[in-house]
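Comments concern the structure below.
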Amino acid sequence: MTKTLDTGVRNARNVDRYVFSSGAIDGLGDLLTFRRQSDQDRVIFLIDEFFQHNPTALGELPIKPTDTVRYIDTASEPTTDGIDELVQQLLIEGCRPCAVIGIGGGITLDTAKATSNLMANGGNAADYQGWDLVPGPGIYKIGIPTLSGTGAEATRTCVMTNRATGIKLGMNSDYTVFDQLILDPDLTTTVPREQYFFSGMDAWIHCIEALNGEYRNPIGDAFSWQAINLCRDVFAGGEMMSDENRASLMVASYLGGCAIATSYVGVVHPFSAGLSVVLGLHHCVANCIAMMAMASFYPQAFDDFTSFVEANQIDLPRGVCAGLADKDFEALYQATVVHEKPLTNALGENFRDILTPARVREVFESM
Ligand SMILES: [Fe+2]
């Protein structure tokens, strides 16, 4: 038969199940009842440290005496060493769990995904940094986002920085995808406004990068367009954190994650990764800082982004690369151009002809 359409979509994997509703977290106990074969079965709860000091924000979690609760430090993003250390402790402390639950933003969700993979498959986190290197399924895992935008709840990766190699790369694998999501917009009421904006913009940036790339496909495009429409409504100038907008942004985050699971990001994320690796800036704020230097790469998106910043009166850090030494700019250059797939998606195979060391430095200096 003649093939008329090759989309490049190859047997894509999505999250198996999700529930989306105000108060949905109250159903976690029922979901776990199906997983616990006996009273001795252990569940590992990995929870954003914010909730250690604000426990009532999550309601009463179905934690049993045999379970393990770890609060995840979100001051810095996951490293392969940090993940290995956490998994070692969890293995020493008890038997193989029947479920791993991640409750938090992208850092916590990614930590839960990596923990699930490593507890089931052994090895070290760095062994699985790359594409399709995880040998088998992880422990059953549930993701409960409390911050919207990164799409970590939907993607087949969990981003970690490998300090030894300087590479920020996840375990890109079908086995990394959550088995179950609980999408409960009530959980984002306590997010500080700027953090809400920065992480929400991550979803929007994923989609504008995907739609401006070479490796597009109709399914990724559809996810992207809908996520962009939702983000535009949320950040157009009304109360971005109203009940309705928090629910919309939670959906946009999920759809944005689905979008990049079937396509690629572009120029913003590599520059953002440079800021994260060299200056230690968090992913979402780094994206927004990078976005301010994207007028020549994404003119329309740049205009939209500045209008979102103004409409929501967001104070963006400026001049973050002022006064850096030559060796810092060299490190920024290397940490940016290492992201070949997104840069090829955005600028073509000869992206290095455009992103020369001088040009990259100029972009960082303009942030
Ligand atoms: Fe992102």
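First listed ligand is number 1; within each ligand, the first listed atom is number 1.
- In this structure, Ser199 contributes its side chain and Gln195 its backbone to a donor-acceptor pair below 3.5 Å.
- The backbone N or O of Gln180 lies less than 3.5 Å from no partner atom in the side chain of Arg17, so there is not a single donor-acceptor pair.
- Taking the Fe ion (ligand 1) as reference, His283 places its N/O/S atom NE2 nearest.
- Defined by atom type and a distance below 3.5 Å, a donor-acceptor pair is missing between the side-chain atoms of Thr344 and Glu349.
- Side-chain contact annotation: Asp132 with Ser173, donor-acceptor N/O pair under 3.5 Å absent.
- Shortest distance from the Fe ion (ligand 1) to Asp202 is reached at OD1 (N/O/S atoms only).
- One finds an angle of 90° at the Fe ion (ligand 1) between NE2 on His269 and NE2 on His206, to the nearest 10 degrees.
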